[in-house]
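This one's a predicted model, so the numbers in the text were calculated from it and none came from an experiment. Below, all heavy atoms of this structure are taken into account, side chains as well, without hydrogens, waters or symmetry copies. In what follows, every chain begins at residue 1, and chains take the letters A, B, ... in the order their sequences are listed.
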Amino acid sequence: MPELPEVQSVVDELAARLPGRTFTGGSDLLWAPVVGHPDPEGFGERLEGRTVSGVRRRAKYIIIDLDDGQVLVVHLRMTGRLHFAAPDEAADRHLRARLSLDDATELRFADMRKFGRLYLGPVAEIEAVTALGALGPEPLEPAFTASLLGARLAGKRGPIKSALLDQSVVSGLGNIYADEALFRAGIAPRRAAGSLTEAELSALRDGIVATLSEAVERGGTSFRNYLSVAGRRGSNMPNLRVFRRDGESCLRCGTVLARTVVGGRGTHWCPGCQQ
DNA sequence: CGATTCCCCTGATAGC
DNA sequence: TGCTATCAGGGGAATC
């Protein structure tokens, strides 16, 4: 489940290789609905001849800038994976799209669960058809302070866990890092989002930043599916304190860790030290 | 408008 | 052992 750190790893590897490359004809959609925008029929034609000028990340979106001002945006969702391959390399059964490049390779998008999407067009168009236009602040940028977090959460009555997963509140967190950040901050996942004290907001801001930046350093977390562009697993899993550790004892206070459902999502936490 | 529920998918896992 | 039911979960749409 790629969240900010996993997407960052993918972006870093794409950025080392894709700029300067030109998409050529012969791109192939093995499963047309993988294209979320525009209509799949026009996709290959619109991409052909475009040269990559840069690769960057916004929230969990991979943004590939093209020389004509358009962007090719990729969202991996749950099981999407990008990798480079030779055109004659055998395709695995989950391959959804092959995008031909001018160096006799192709950028492949595979996705077992079929949730991931490719989008192509001017930024404004993509912002209109995805959440890209309504995203909350990037948590690893300096502007992400406790007071900004407090302002984004103000007045919210729903659980803090749900608010952290809402990409319009803060962008980039998913289920793993939301649980981990709440544990580090000592805040129970069902606390009303707008009820946090200043000290708690500060601890949560710090917990989010530490959790994400450590995971970025370790190349992300590979729970089961995630692989980087180069096919590497992230090494952050041993760094997880609560996620999928229910039944084990808390590293901080020894209480048996619990699992519950908050906002329809599996939630892992310590009833002993998260208040 | 905010909060909640449902839905999309298919491999892994649990239960019998 | 083998089959079937359930689960997981990002984010968008529909609903309350």
Side-chain angles (χ1 to χ4, degrees), chain A residues 1-11 29-37 40 57-63 73-82 92-97 109-119 125-136 138-139 151-182 189-196 208 212 215 220-227 233 237 240 242-247 259-269:
Chain A
M1 355 171 174
E3 307 177 26
L4 185 155
E6 293 76 32
V7 176
Q8 187 64 54
S9 297
V10 169
V11 164
L29 301 177
L30 291 85
W31 185 68
V34 73
V35 176
H37 183 86
R57 180 190 63 73
R58 176 74 175 100
K60 302 174 195 171
Y61 292 88
I62 298 160
I63 303 177
V73 174
V74 182
H75 200 302
L76 303 172
R77 292 287 182 95
M78 304 296 298
T79 56
R81 189 182 164 224
L82 288 168
D92 80 82
R93 56 183 303 206
H94 303 304
L95 189 62
R96 308 302 176 200
F109 182 74
D111 184 18
M112 178 182 84
R113 303 274 285 276
K114 297 183 174 177
F115 286 171
R117 290 292 181 274
L118 311 179
Y119 307 89
E125 259 180 56
I126 312 302
E127 287 180 342
V129 298
T130 68
L132 202 52
L135 290 170
E138 283 288 332
R152 311 291 303 184
L153 297 174
K156 290 193 171 295
R157 297 165 172 276
I160 182 64
K161 164 75 185 275
S162 300
L164 292 182
L165 293 178
D166 183 342
Q167 302 297 298
S168 70
V169 173
V170 188
S171 63
L173 287 166
N175 210 36
I176 296 175
Y177 299 114
D179 283 359
E180 293 294 315
L182 285 169
R190 284 186 208 281
R191 283 282 301 285
S195 75
L196 304 192
I208 291 169
L212 292 177
T221 304
S222 290
F223 221 90
R224 44 174 85 157
N225 294 301
Y226 168 71
L227 293 175
R233 293 171 58 84
M237 209 160 84
L240 302 181
V242 288
F243 190 78
R244 299 263 176 110
R245 293 193 68 240
D246 46 301
R259 182 185 186 281
T260 181
V261 175
V262 177
R265 291 290 177 258
T267 297
H268 314 76
W269 65 297

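Rounded to whole Å, the distance from CZ on Arg190(A) to C1' on dA3(B) is 15 Å. Rounded to whole Å, the distance from CG on Asp166(A) to P on dC1(B) is 14 Å. One atom, NZ of Lys114(A), and another, C1' of dT10(B), lie 9 Å apart when rounded to the nearest Å.
Inter-residue side-chain proximity for Val170(A) and Arg152(A) is flagged as unmet; no heavy-atom pair is nearer than 4.5 Å.
Each end of the helix from dG2(B)-dC16(C) to dC16(B)-dG2(C) yields a helix axis from five base pairs, and these two axes differ in direction by 50° (to the nearest 10 degrees).
Here the closest heavy-atom approach between residue Gly220(A) and residue Pro5(A) is recorded as CA-CB, 4.2 Å. Minimum heavy-atom separation, Val129(A) to Tyr119(A): CG2-CD2, 4.3 Å. Here the closest heavy-atom approach between residue Gly266(A) and residue Asn175(A) is recorded as O-ND2, 2.9 Å. When all heavy atoms are compared, the tightest approach of His37(A) to Ile126(A) is CD2-CD1, 4.0 Å.
Arg117(A) comes within 4.0 angstrom of nothing in the nucleic acid, heavy atoms only. Nucleic acid contact for Arg96(A): none, since no nucleic acid atom lies under 4.0 Å from a heavy atom of the residue. Here Gly266(A) lies in heavy-atom contact (under 4.0 Å) with sugar-phosphate atoms only.
Under a 3.5 Å cut-off, the side chain of Arg57(A) and the backbone N or O of Ala59(A) do form a donor-acceptor pair.
For the side-chain contact (heavy atoms from CB on, under 4.5 Å) with Leu82(A), the lone residue among Val11(A), Val74(A), Asp111(A) that qualifies is Val74(A).
Annotation: ring pair (Phe, Tyr, Trp, His ring centres under 6.0 Å) contacts of Tyr61(A) (sequence neighbours excluded): His75(A). The ring pair (Phe, Tyr, Trp, His ring centres under 6.0 Å) search around Phe243(A) returns Phe223(A), His268(A), not counting sequence neighbours.
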Base versus backbone protein contacts along nucleotides 10-16 of chain C [heavy-atom cut-off under 4.0 Å; B, S, -]: BBS----
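Note on residues 168-180 of chain A: pairs passing salt bridge (charged side-chain N to carboxylate O under 4.0 Å, His left out), not counting sequence neighbours, are Lys161(A)-Asp179(A).
For the residue pair Thr130(A) and Arg117(A), no side-chain donor N or O sits within less than 3.5 Å of a side-chain acceptor on the partner.
For the contact set between residues 152-163 of chain A and DNA chain C, defined by any heavy atom under 4.0 Å, there are no members.
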